[in-house]
Engineer: 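Take this structure first; my questions come after.
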Amino acid sequence: MRKRGYFLAMWIALLAWSPAAFSQQQDEEEGEGARRGLLDDSTKMVYGPNTSLYFYEKFVRNNRFEKIELDTSLTGFHNYEPVADTWYKYQDLGNLGTAARPVFYDVPQQIGRTSGFEAYDLYHNSSDSIRYFDTKSPHTHIAAFFGGGNRNQLDVEFVRNIRPNWNVGIAYRTIRARKTLNPTRRDDNNVVNDSYEIHTNYSSPNGKYRLLANFTRMEHNVNEQGGIIPPEVDTTSLYFTYEDSKVWLRNSRAKDLRQEYHLYQQYEIVKGWQAYHVFDKKKQEVRFFSDLETSDADFFNENRFNSSDTTLVFSKRDTTNNHNHFSEWKNEFGFKGDLGPVYYNAYLKFRTGRMASRFFSYNNSFTELYLGGALRGEINENWVFEAEGEYLIPDGYRLTGLFISPYLDVRYTKALYKPTLAQEKYRGNHYRWDNDFSNIGVDQIQGTIKVNVGDMSLRPNLTINRINNYVFYNEEQVPEQAASQAFMVIPGLNSHFVVGKRFHWVSEARYTLITGGAADKFRIPELFINSRIYFDGPLFDENIFVQIGLEGRYRSDNLAPAYMPATQQFYLQDDFNVYAYPVADAFLNFRINRTRVLFRYNHLNAGFMENDGYFVTPGYTGLKNMLDLGISWYFFD
């Protein structure tokens with residue numbers, strides 16, 4: 001207790017002292033490339049972040065092509081985990097790599113069929129999020145993060161240009177996260193993730209033809225724990241003993257294997273008019289295994305569904321062995337171009353796929369045909385309007401309109417999208433259902449006012465949602481469709497204050513009001529706040545750049561959804577209040593040349609609150625106080 005108090009006092013003192021001590025230092029420039037250029041004093045080529053540029057496929061497809069320099073900034077660098085990187089807009093199970101869901105509702109991008117197994121989406125680098133490079137020298141990036149309690153993550157990436165118009169790259173990413181609840185040994189991992197990606201981009205010498213292609217694969221393995229056994233079930237079980245906690249599951253594991261093949265190509269037929277083609281092949285294999293001859297059997301419901309052929313491993317009564325296999329093929333053909341300041345696009349898309357299971361008597365297959373298009377007008381980079389639409393023949397659609405100005409951004413989305421395949425049909429040892437749900441409808445309006453006054457930036461914003469026929473997993477842990485509508489009004493404020501060019505205060509806050517007959521089907525905290533206060537500046541003649549500060553987050557009381565490992569779904573519950581609790585972290589980020597280092601002390605306020613800790617999901621506690629370390633290197637030779 002004294003050590004934590006001393007640590008907190010020293011950190012606050014250092015924050016207060018830093019702006020005054022270094023107020024005479026010059027401002028950090030936008031990047032090293034801006035200061036040094038490509039040539040040094042001896043006219044030797046200097047490679048760096050400004051000579052290894054990247055872009056996304058959407059830049060090419062939308063004819064808004066730009067190349068981006070590699071990120072060497074320190075802002076937010078300490079939030080290395082995927083959930084923290086979203087600034088905690090996801091609810092997970094309290095450990096790196098565990099099942100996660102968005103806190104706030106948003107309209108799905110895919111209005112057609114999807115697998116519905118989304119618990120590990122956050123850890124998969126999907127084919128449409130791949131970065132393509134144009135680099136003047138071979139470029140290697142290594143990022144290693146060592147979290148307290150052996151929560152470790154490693155990312156390695158290598159890219160190079162074979163020719164000026166042809167680039168290839170490969171990346172490997174891994175997570176090794178030991179259990180934060182009741183580990184039995186040092187390498188008793190909660191999560192083991194191995195992912196890799198291969199990508200290439202090519203353009204013809206005359207620039208008329210361009211090709212982008214990638215392959216991604218993720219194998220995500222989780223040793224499930226089921227959460228802490230409630231004290232009312234076992235009087236010897238306590239919630240905030242972490243390594244000594246009593247958990248439900250010790251002999252159960254889940255696996256999510258994904259593979260994606262992606263190809264985009266376009267050809268300019270005449271100036272201002274291009275034809276393009278997109279091909280996708282995707283596979284997702286979801287498994288869950290549990291040994292029911294152990295105490296793990298106490299966690300599950302009493303239902304037992306088995307195949308009539310009990311010689312099969314997935315039908316043995318002493319074992320749960322669920323398996324679902326989703327596959328998809330997609331081809332899209334279209335044309336696009338520019339007529340002066342107006343961009344246009346039209347396309348035809350065909351998707352076919354299936355969900356297969358060892359328990360299915362026949363596969364759950366689908367075939368979908370889409371028509372779509374888009375228009376964009378640009379007066380200049382500050383005044384833009386966009387409209388796009390997609391029609392899923394005969395009963396699905398998505399329409400989006402966007403207006404951007406220096407003072408106000410407004411987006412309107414109207415969609416009618418299909419329930420997931422998992423929601424409509426499922427077979428397993430513990431759960432079984434067949435549903436014929438209606439499509440889900442949504443209207444969404446989002447607006448942001450832009451206010452910039454000196455060193456102050458304010459972004460008041462408002463989101464309004466109307467959702468009908470919403471499909472969710474109910475208290476019985478099975479899918480259900482709401483019979484009425486839900487209305488959400490979510491005002492918010494994002495702000496950034498700068499004092500003395502060195503001291504920053506960044507915050508975001510949202511208030512959520514939900515009404516309507518289906519209001520109770522959405523479990524969103526009424527109040528959601530993130531805030532960060534830090535010093536940012538150079539030291540030692542600009543040889544080191546430093547960010548040091550405190551970060552806090554707060555969610556109000558909430559009956560947050562619980563998690564069922566057997567189906568890999570979050571579901572509604574009415575008994576466990578994930579109570580309001582402010583969490584404070586301290587961080588130190590610094591950069592020497594192109595090497596970035598982070599230190600983060602989690603849950604700095606542990607022991608100072610009325611409660612002994614906090615929950616992120618029913619039965620799953622958040623991190624205790626612990627220190628994290630991370631380092632990121634860039635190499636350009």
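Keep in mind that this is a model prediction, so the values were computed, not measured.
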Engineer: For the residue pair F522 and Y470, is the inter-centroid distance of their aromatic rings smaller than 6.0 Å?
Structural biologist: yes
Engineer: Measure up the H325 and H323 rings against each other and bin them: parallel (under 30°), tilted (30 to 60°), perpendicular (over 60°).
Structural biologist: parallel
Engineer: Angle class for the Y132/H199 ring planes (parallel below 30°, perpendicular above 60°, tilted otherwise)?
Structural biologist: perpendicular
Engineer: Among residues at least two apart in sequence or on other chains, which ones pass side-chain hydrogen bond (donor to acceptor under 3.5 Å, both in side chains) with K624?
Structural biologist: E243
Engineer: K414: which residues meet the side-chain hydrogen bond (donor to acceptor under 3.5 Å, both in side chains) condition with it, sequence neighbours left out?
Structural biologist: D443
Engineer: Excluding sequence neighbours, so at least two apart, what forms side-chain contact (heavy atoms from CB on, under 4.5 Å) with E480?
Structural biologist: F472, N474
Engineer: Apply side chain to side chain contact (heavy atoms under 4.5 Å, CB included) to residues L627 and L629 and explain how you reach the verdict.
Structural biologist: CA-CA 7 Å; L627 181 66; L629 164 67; 6.0 Å; no
Engineer: Hey, are T413 and Q444 close enough side-chain-wise for a donor-acceptor pair under 3.5 Å?
Structural biologist: no
Engineer: Any chance the rings of Y473 and Y571 have centres within less than 6.0 Å?
Structural biologist: no
Engineer: Would K425 count as a cation-pi partner of F360, with NZ or CZ less than 6.0 Å from the six-membered ring centre and within 45° of the ring normal?
Structural biologist: yes
Engineer: Does N189 have any side-chain hydrogen bond (donor to acceptor under 3.5 Å, both in side chains) partners at least two apart in sequence or in another chain, and if so, which?
Structural biologist: none
Engineer: Assess the residue pair R510 and T512 against the criterion (side-chain hydrogen bond (donor to acceptor under 3.5 Å, both in side chains)); give the C-alpha distance rounded to whole Å, side-chain angles, the decisive distance to 0.1 Å, and a yes or no.
Structural biologist: CA-CA 6 Å; R510 296 188 189 186; T512 300; over 6 Å; no
Engineer: Check the pair S115 / Q284 against side-chain hydrogen bond (donor to acceptor under 3.5 Å, both in side chains), numbers first and verdict last.
Structural biologist: CA-CA 8 Å; S115 74; Q284 182 183 16; 2.6 Å; yes
Engineer: Knowing that exactly one of Y563, W248, F289, F299 qualifies, which makes a side chain to side chain contact (heavy atoms under 4.5 Å, CB included) with E224?
Structural biologist: Y563
Engineer: With a 4.0 Å cut-off, would you call E424 and R113 a salt bridge?
Structural biologist: yes
Engineer: Just one of E260, R217, E118 clears the side-chain hydrogen bond (donor to acceptor under 3.5 Å, both in side chains) bar with H124, so which one?
Structural biologist: E260
Engineer: Is it the case that the side chain of N223 and the backbone of V191 share a donor-acceptor pair, with hydrogens and angles ignored and the cut-off at 3.5 Å?
Structural biologist: no
Engineer: Just jot down the side-chain hydrogen bond (donor to acceptor under 3.5 Å, both in side chains) partners of D92, sequence neighbours excluded, or say none.
Structural biologist: none
Engineer: Which residues pass the ring pair (Phe, Tyr, Trp, His ring centres under 6.0 Å) test with F104, not counting sequence neighbours?
Structural biologist: F528
Engineer: Under 4.0 Å between a Lys/Arg side-chain N and an Asp/Glu carboxylate O for K349 and E390?
Structural biologist: yes
Engineer: Under the salt bridge (Lys or Arg N to Asp or Glu O under 4.0 Å) test, which residues partner K58, sequence neighbours left out?
Structural biologist: none
Engineer: For D128, which residues count as a side-chain contact (heavy atoms from CB on, under 4.5 Å) partner, sequence neighbours excluded?
Structural biologist: S126
Engineer: Let me see the working for T216 and Q259 under side chain to side chain contact (heavy atoms under 4.5 Å, CB included), right down to the final yes or no.
Structural biologist: CA-CA 6 Å; T216 63; Q259 289 185 181; over 6 Å; no
Engineer: Apply the test ring pair (Phe, Tyr, Trp, His ring centres under 6.0 Å) to residues F215 and Y261: give CA-CA distance (whole Å), side-chain angles for both, the deciding distance (0.1 Å), then the verdict.
Structural biologist: CA-CA 5 Å; F215 169 74; Y261 302 83; 4.8 Å; yes
Engineer: List for me each residue that meets side-chain contact (heavy atoms from CB on, under 4.5 Å) alongside L348, sequence neighbours excluded, and say none if there are none.
Structural biologist: L369, L371
Engineer: Could you pull out every donor-acceptor pair under 3.5 Å between side chains of residues 434-442 and any protein atom, sequence neighbours left out?
Structural biologist:
residue	atom	partner	partner atom	Å
D434	OD2	R427	NH1	3.1
D434	OD2	R427	NH2	2.6
N435	ND2	Q423	O	2.9
N439	ND2	D395	O	2.5

Engineer: Verify whether the ring centers belonging to Y80 and F145 lie closer than 6.0 Å.
Structural biologist: yes
Engineer: Give a yes or no on whether a salt bridge exists between K89 and D106, defined as a side-chain N under 4.0 angstrom from a carboxylate O.
Structural biologist: no
Engineer: Can you confirm whether or not the ring centre of Y264 sits under 6.0 Å from the ring centre of H277?
Structural biologist: no
Engineer: Taking 4.0 angstrom as the limit, do D291 and R253 come out as a salt bridge?
Structural biologist: no
Engineer: Centre of Y242's six-membered ring, under 6.0 Å away, within 45 degrees of the axis: is that where NZ or CZ of K179 sits?
Structural biologist: no
Engineer: Take the angle between the ring planes of F117 and Y426 and call it parallel below 30°, perpendicular above 60°, tilted in between.
Structural biologist: tilted
Engineer: Can you tell me if D194 uses its side chain to pair, donor with acceptor, with the backbone of M218 under 3.5 Å?
Structural biologist: no
Engineer: Please step through side chain to side chain contact (heavy atoms under 4.5 Å, CB included) for the pair T621 and L181, ending with a clear verdict.
Structural biologist: CA-CA 9 Å; T621 53; L181 303 176; 3.6 Å; yes
Engineer: Would T184 and N182 count as a side-chain hydrogen bond (donor to acceptor under 3.5 Å, both in side chains) if you check the C-alpha gap in whole Å, the side-chain angles of each, and the deciding distance to 0.1 Å?
Structural biologist: CA-CA 6 Å; T184 58; N182 196 247; over 6 Å; no
Engineer: Taking only residues two or more places apart in sequence, or in another chain, which ones meet T180 in a side-chain contact (heavy atoms from CB on, under 4.5 Å)?
Structural biologist: N95, R151, L623
Engineer: Does F350 have any ring pair (Phe, Tyr, Trp, His ring centres under 6.0 Å) partners at least two apart in sequence or in another chain, and if so, which?
Structural biologist: none
Engineer: Do D585 and R553 sit within salt-bridge range, that is, some charged N less than 4.0 Å from a carboxylate O?
Structural biologist: yes
Engineer: How about N79 and E81: does a side-chain donor come under 3.5 Å of a side-chain acceptor?
Structural biologist: no
Engineer: Evaluate side-chain hydrogen bond (donor to acceptor under 3.5 Å, both in side chains) for S632 paired with H141, printing each intermediate quantity in order.
Structural biologist: CA-CA 7 Å; S632 169; H141 179 219; 2.8 Å; yes
Engineer: Taking atom CZ of R186 as the centre, report whether more than 12 heavy atoms of other residues, nucleotides or ligands fall under 6.0 Å from it.
Structural biologist: no
Engineer: CG/L122 to OG1/T86 distance, rounded to the nearest 0.5 angstrom?
Structural biologist: 6.5 Å
Engineer: Picking from Y88, Y581, Y579, Y239, what satisfies ring-ring contact (aromatic ring centres under 6.0 Å, His included) with Y614?
Structural biologist: Y581
Engineer: Taking NZ, NE, NH1 and NH2 as the nitrogens, is one of them in E197 or R173 under 4.0 Å from a carboxylate oxygen of the other?
Structural biologist: yes
Engineer: Please say whether more than 12 non-hydrogen atoms of neighbouring residues, nucleotides or ligands are located less than 6.0 Å from CD in Q110.
Structural biologist: yes
Engineer: Do K246 and D234 meet the salt-bridge criterion of a basic N to acidic O distance under 4.0 Å?
Structural biologist: yes
Engineer: Evaluate T98 against L96 for side chain to side chain contact (heavy atoms under 4.5 Å, CB included), listing each step before the verdict.
Structural biologist: CA-CA 6 Å; T98 53; L96 173 63; over 6 Å; no
Engineer: Would you check if the distance from the ring center of Y123 to the ring center of H220 is below 6.0 Å?
Structural biologist: yes
